[in-house]
Amino acid sequence: LNKSAFFLMGGKMNTETNTIAIPRKVFREIRWYLKHFNDLDDYIKTRENQLREKLFDDYHFTNKNSLKNIHSYGYTVENCIIALDEDRLIRRYKKWKKIIRKYMNDLDNKDKFIYYWIVKYTFFDKRNIEFIKEHLNLDKYELREKLMIIFYELYQIGIEEKLYKEVAINV
């Protein structure tokens with residue numbers, strides 16, 4: 001098996017085995033965004049403050065050094081706003097927040113309550129596995145299979161949103 005991919009094999013149906021393959025790096029990233037969903041606004045604010053401080057320091061440093069001619073690049077307020085708006089990390093945080101919120105609403109609207117509660121209990125409320133299995137009446141294999149379906153669906157949404165490229169993995 002490829003070491004750079006996370007696999008789930010199981011769910012025997014009519015003697016077939018379903019396999020879900022997600023690149024390990026993607027799996028970890030999706031898990032991080034799910035775990036930190038409630039804190040993403042704080043991460044965005046922290047990143048914006050870091051950028052503001054850096055831009056403020058750069059602005060004062062460049063204006064102290066020398067007078068600039070008309071054609072030189074300067075650190076203007078407009079450039080600072082553009083830098084905040086175009087920051088890749090902030091854009092990624094906002095995009096994942098939007099994706100997860102929409103995904104949870106879709107689960108709620110499509111009568112996929114079991115998946116909704118798995119995400120809510122596991123990542124938002126940070127409940128232990130025993131609590132989740134007991135309240136949702138699942139065994140550990142069913143829970144693991146449903147979690148992998150959730151990760152796979154989020155991975156597919158990430159591909160549609162051009163956050164990832166689709167990867168063919170040979171099993």
Side-chain angles (χ1 to χ4, degrees), residues 1-13 16-52 54-55 81-129 131-133 135-136 138-171:
L1 294 178
N2 186 344
K3 290 184 180 180
S4 67
F6 185 84
F7 291 94
L8 171 73
M9 294 178 213
K12 294 181 181 172
M13 297 179 193
E16 290 181 14
T17 301
N18 298 331
T19 303
I20 294 175
I22 300 172
R24 188 175 301 277
K25 184 177 178 182
V26 172
F27 178 82
R28 288 179 180 155
E29 182 180 25
I30 292 171
R31 185 178 63 199
W32 188 90
Y33 281 108
L34 285 169
K35 282 184 173 181
H36 295 94
F37 176 77
N38 294 327
D39 302 325
L40 282 177
D41 287 333
D42 294 334
Y43 284 107
I44 291 168
K45 287 178 187 174
T46 301
R47 179 68 179 167
E48 286 174 346
N49 289 336
Q50 290 172 346
L51 287 173
R52 277 190 199 104
K54 181 185 180 313
L55 292 169
I81 292 170
I82 290 169
L84 284 172
D85 195 41
E86 291 182 352
D87 184 62
R88 296 173 92 190
L89 188 56
I90 292 174
R91 286 185 16 222
R92 197 159 185 100
Y93 285 157
K94 288 180 179 179
K95 186 159 260 196
W96 270 110
K97 187 165 179 82
K98 181 181 169 186
I99 288 170
I100 293 170
R101 184 175 289 127
K102 184 180 181 317
Y103 181 72
M104 292 299 287
N105 286 337
D106 289 348
L107 288 178
D108 199 18
N109 293 334
K110 291 182 181 176
D111 294 331
K112 289 187 169 184
F113 294 112
I114 192 89
Y115 293 99
Y116 175 86
W117 287 108
I118 287 173
V119 172
K120 184 169 179 358
Y121 285 152
T122 305
F123 299 107
F124 299 168
D125 297 345
K126 296 177 177 41
R127 299 288 186 143
N128 65 23
I129 293 188
F131 175 89
I132 297 166
K133 290 190 316 188
H135 277 74
L136 299 178
L138 298 170
D139 66 22
K140 69 179 182 179
Y141 300 108
E142 290 172 324
L143 178 61
R144 184 171 183 226
E145 185 175 314
K146 290 185 185 322
L147 275 170
M148 283 309 300
I149 290 169
I150 291 165
F151 279 100
Y152 182 74
E153 288 174 349
L154 286 169
Y155 175 50
Q156 292 304 312
I157 294 169
I159 291 171
E160 290 170 11
E161 293 288 329
K162 297 187 178 16
L163 292 171
Y164 308 112
K165 293 180 182 176
E166 195 161 5
V167 179
I169 299 174
N170 297 328
V171 180

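All residue numbers refer to positions in the sequence shown, counting from 1.
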Atom of [X], atom of [Y] and distance for their closest heavy-atom approach:
X	Y	value
A21	Y155	O-CE2, 4.4 Å
I100	Y33	CD1-O, 3.7 Å
T122	I118	OG1-O, 2.7 Å

Tell me if the [atom1] atom of [X] is crowded by more than 12 foreign heavy atoms within 6.0 Å.
X	atom1	result
K162	NZ	no
I114	CD1	yes
Y121	OH	yes

Describe, in one word, how the ring planes of [X] and [Y] are oriented to each other, choosing from parallel (under 30°), tilted (30 to 60°) and perpendicular (over 60°).
X	Y	answer
F151	F123	perpendicular
Y43	H36	perpendicular
W96	Y164	tilted

Worksheet item: How far does CZ of R91 sit from NZ of K94, to the nearest 0.5 angstrom?
Response: 10.5 Å
Worksheet item: How long is the gap from CD on E142 to CG on L147, to the nearest 0.5 Å?
Response: 12.0 Å
Fill in: Exam field: side chain D39 to backbone D42, donor-acceptor pair closer than 3.5 Å
no
Discussion item. Hydrogens and angles aside, do Q156 and Y152 bring a side-chain donor and acceptor to less than 3.5 Å of each other?
Written reply: yes
Worksheet item: Of all residues at least two apart in sequence or in a different chain, which pass the side-chain hydrogen bond (donor to acceptor under 3.5 Å, both in side chains) check with K102?
Response: D106
Worksheet entry | Carboxylate-amine/guanidinium contact D139 K133, below 4.0 Å | no
Worksheet item: So, are R92 and E29 salt-bridged, with charged N and O less than 4.0 Å apart?
Response: yes
Worksheet entry | Axial cation check for Y115 ring with K112, 6.0 Å and 45° limits | yes
Worksheet item: Is the NZ or CZ atom of R127 positioned over F131's six-membered ring, under 6.0 angstrom from the centre and within 45° of the axis?
Response: yes
